[in-house]
S.K.: 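I'd like to ask some things about the structure below.
Throughout, residue positions are numbered sequentially from 1 according to the sequence presented.
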Amino acid sequence: NLFVFLHIHKAGGTSMCSYAHSMGLVVRGNNCNCFRTLDTPGSLKEMESRMRGSSLTFCSWEESAVFPRRALQFVEQLKGWNGTTLTLLRDPWARFTSSYERAYALYQRSHNDTLSIDAFFGSEGDALLDERRNVTGWFYGYYNRANYYVRMLSGNGELLLSDPRLPSPDDMLEDAKLVLRHLDAVMVMEKKSSMTKELRKVFGAKADQRSFPQKSNNPFSSVSTRARTTDTPPPTTIAHRVAFERSNTADLALYNWVIQTLLA
């Protein structure tokens with residue numbers, strides 16, 4: 001059985017990989033990524049072939065900007081060869097602030113300069129960050145953009161908000177729900193009891209022997225898996241959160257729907 005974790009950036013991927021290690025599952029390297037195949041013709045078939053020929057028992061599908069476009073197809077293929085799919089969400093505001101901290105660290109490392117929350121959050125960030133693939137470009141699904149979850153889960157992660165091909169937030173919300181309904185397990189970081197239940201459903205009694213760890217690849221986090229730094233990013237404000245909630249209504253609706261419907 002192969003467990004495939006659909007990894008949405010800054011939503012518990014490091015913790016899930018650490019959990020897979022603790023469970024003794026066979027993974028690729030420290031980040032647990034699946035064999036990387038970008039969104040090109042035949043890539044899905046190639047990835048399946050490489051996974052079948054490996055000894056992996058867990059991997060993280062890390063290309064979150066492109067995986068959802070064919071997520072349903074991939075889920076059905078996995079089920080055809082005894083595969084199990086799972087994903088993990090977290091509170092949208094918590095995911096966004098964690099994204100800012102990650103981008104702050106990457107920007108500091110690649111530019112030897114600081115990244116303000118306003119540049120990350122506001123319109124200035126569009127021009128500033130799009131050209132920096134290693135900070136928050138298409139590979140990360142533009143994770144400073146509004147309604148990140150529904151864009152990822154509807155297959156529109158690499159599109160800018162100004163792209164005319166981008167569907168409406170309501171349409172992406174419904175597509176995201178459809179993908180989540182097809183997964184074997186959907187967990188929410190803030191709902192510990194339901195997470196324990198879902199982990200037991202996926203991994204069986206073995207899950208009872210391991211607590212789910214709190215890990216992070218943000219160097220500012222107290223549970224960072226990397227060298228920590230004391231140069232913390234500027235804090236966000238209430239005004240930032242109000243603006244975030246106003247522009248991320250679809251993500252907030254999806255998060256609440258998962259809690260009230262899927263986890264009920």
S.K.: Within the distance-only criterion (no hydrogens, no angle test), does the side chain of Ser22 pair as donor or acceptor with the backbone N or O of Tyr19 below 3.5 angstrom?
M.R.: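 Yes; at least one donor-acceptor contact below 3.5 Å.
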S.K.: Rounded to the nearest 0.5 Å, how far apart are CG of Leu263 and OG of Ser193?
M.R.: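 OG of Ser193 is found 9.0 Å from CG of Leu263.
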S.K.: Please report the closest heavy-atom contact between Pro167 and Asp171, naming both atoms and the distance.
M.R.: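 Residues Pro167 and Asp171, closest heavy atoms: CB-CB, 4.2 Å.
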S.K.: Any side-chain heavy-atom pair from Phe5 and Cys17 closer than 4.5 angstrom?
M.R.: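 Side-chain contact under 4.5 Å: no.
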S.K.: Looking only at heavy atoms, what is the nearest atom pair of Ala11 and Arg90, with distance?
M.R.: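 Closest approach of Ala11 to Arg90: CA-CD, 3.6 Å.
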S.K.: Got a sec, which residues hit salt bridge (Lys or Arg N to Asp or Glu O under 4.0 Å) with Glu190, two or more places apart in sequence or on another chain?
M.R.: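 So Glu190 forms no salt bridge (Lys or Arg N to Asp or Glu O under 4.0 Å) with any residue.
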S.K.: Spell out, as yes or no, whether a donor-acceptor pair under 3.5 Å connects the side chain of Asp91 to the backbone of Ala94.
M.R.: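 Between the backbone of Ala94 and the side chain of Asp91 there is a qualifying donor-acceptor contact (under 3.5 Å).
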S.K.: side-chain hydrogen bond (donor to acceptor under 3.5 Å, both in side chains) between His240 and Thr237: does it pass, once the steps are laid out?
M.R.: CA-CA 5 Å; His240 287 126; Thr237 66; 3.0 Å; yes
S.K.: Closer than 3.5 angstrom, by distance alone: can the side chain of Thr57 be matched with the main-chain N or O of Val26 as a donor-acceptor pair?
M.R.: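 Confirmed, Thr57 side chain pairs with Val26 backbone.
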S.K.: Please evaluate residues Thr196 and Arg200 with respect to the criterion side-chain hydrogen bond (donor to acceptor under 3.5 Å, both in side chains), reporting the C-alpha separation (whole Å), side-chain torsions for both, the decisive distance (0.1 Å), and the verdict.
M.R.: CA-CA 6 Å; Thr196 300; Arg200 187 180 299 120; 6.0 Å; no
S.K.: Between Leu180 and Trp257, is any pair of side-chain heavy atoms under 4.5 Å apart?
M.R.: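 Yes; the side chains approach each other to less than 4.5 Å.
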S.K.: Would you find a donor on one side and an acceptor on the other, under 3.5 Å apart, between the side chain of Arg151 and the backbone of Ala146?
M.R.: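 Yes; judged by distance alone, with no hydrogens or angles, the pair exists.
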S.K.: Classify the ring geometry of Phe96 against Trp93: parallel below 30°, tilted from 30° to 60°, perpendicular beyond 60°.
M.R.: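 Rings of Phe96 and Trp93: parallel, under 30°.
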S.K.: Give the intermediate values and the outcome of side chain to side chain contact (heavy atoms under 4.5 Å, CB included) for residues Leu254 and Asn147.
M.R.: CA-CA 10 Å; Leu254 181 69; Asn147 293 314; over 6 Å; no
S.K.: Can you get from Leu252 to Met172 by hopping between Ile, Leu, Val, Met, Phe, Trp and Tyr side chains that sit under 4.5 Å apart?
M.R.: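 The answer is no; the residues belong to distinct hydrophobic clusters.
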S.K.: Can you confirm whether Met195 sits close enough to Leu199 that some side-chain heavy atom of one is under 4.5 Å from a side-chain heavy atom of the other?
M.R.: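 The answer is yes, as the side chains (C-beta and beyond) meet within the 4.5 Å cut-off.
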S.K.: Has Lys10 got a side-chain atom pairing as donor or acceptor with Tyr100's backbone, closer than 3.5 angstrom?
M.R.: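 No, Lys10 side chain to Tyr100 backbone: no donor-acceptor pair under 3.5 Å.
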S.K.: Measure from the side-chain N and O atoms of Thr87 to the backbone N and O of Leu6, and report whether any donor-acceptor pair falls under 3.5 Å.
M.R.: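 Such a contact is found between Thr87 side chain and Leu6 backbone.
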S.K.: Please name all residues satisfying side chain to side chain contact (heavy atoms under 4.5 Å, CB included) with Ala253, sequence neighbours left out, ordered by chain then number.
M.R.: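 By the side chain to side chain contact (heavy atoms under 4.5 Å, CB included) rule, Ala253 matches Leu173.
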S.K.: Examine distances only and state if a side-chain atom of Tyr148 and a backbone atom of Asn248 form a donor-acceptor pair shorter than 3.5 Å.
M.R.: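 Side chain of Tyr148 to backbone of Asn248, a donor-acceptor pair under 3.5 Å: no, none is there.
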S.K.: Could you note down all residue pairs passing salt bridge (charged side-chain N to carboxylate O under 4.0 Å, His left out) where residues 232-254 supplies at least one of them, sequence neighbours left out?
M.R.: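 For residues 232-254: Arg241-Glu245.
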S.K.: Between Ser99 and Arg95, is there a donor-acceptor pair closer than 3.5 Å when you use the side chain of the first and the backbone of the second?
M.R.: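 Such a contact is found between Ser99 side chain and Arg95 backbone.
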S.K.: If you apply the rule side chain to side chain contact (heavy atoms under 4.5 Å, CB included), what do you find for Ile8 with Leu89, and how did you get there?
M.R.: CA-CA 8 Å; Ile8 300 175; Leu89 305 180; 3.7 Å; yes
S.K.: Does one hydrophobic cluster hold both Leu153 and Ile259, with members joined at side-chain heavy-atom distances below 4.5 Å?
M.R.: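 Linked within one cluster.
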S.K.: Kindly determine whether Thr85 and His182 satisfy side chain to side chain contact (heavy atoms under 4.5 Å, CB included), including the steps that lead there.
M.R.: CA-CA 9 Å; Thr85 52; His182 274 70; over 6 Å; no
S.K.: With respect to the side-chain SG atoms, do Cys32 and Cys59 come within less than 2.5 Å?
M.R.: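 Taking the criterion (SG atoms under 2.5 Å apart), Cys59 and Cys32 fail it, so no.
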S.K.: Any side-chain heavy-atom pair from Val186 and Glu198 closer than 4.5 angstrom?
M.R.: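 No, too far: nothing below the 4.5 Å cut-off.
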S.K.: What do the steps show when you test Met16 against Leu86 for side chain to side chain contact (heavy atoms under 4.5 Å, CB included), and what is the final call?
M.R.: CA-CA 10 Å; Met16 181 58 71; Leu86 59 154; 3.9 Å; yes
S.K.: Rounded to the nearest 0.5 Å, what's the gap from OG1 on Thr236 to CZ on Phe244? Could you check?
M.R.: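 Reported value, rounded in 0.5 Å steps: 10.5 Å.
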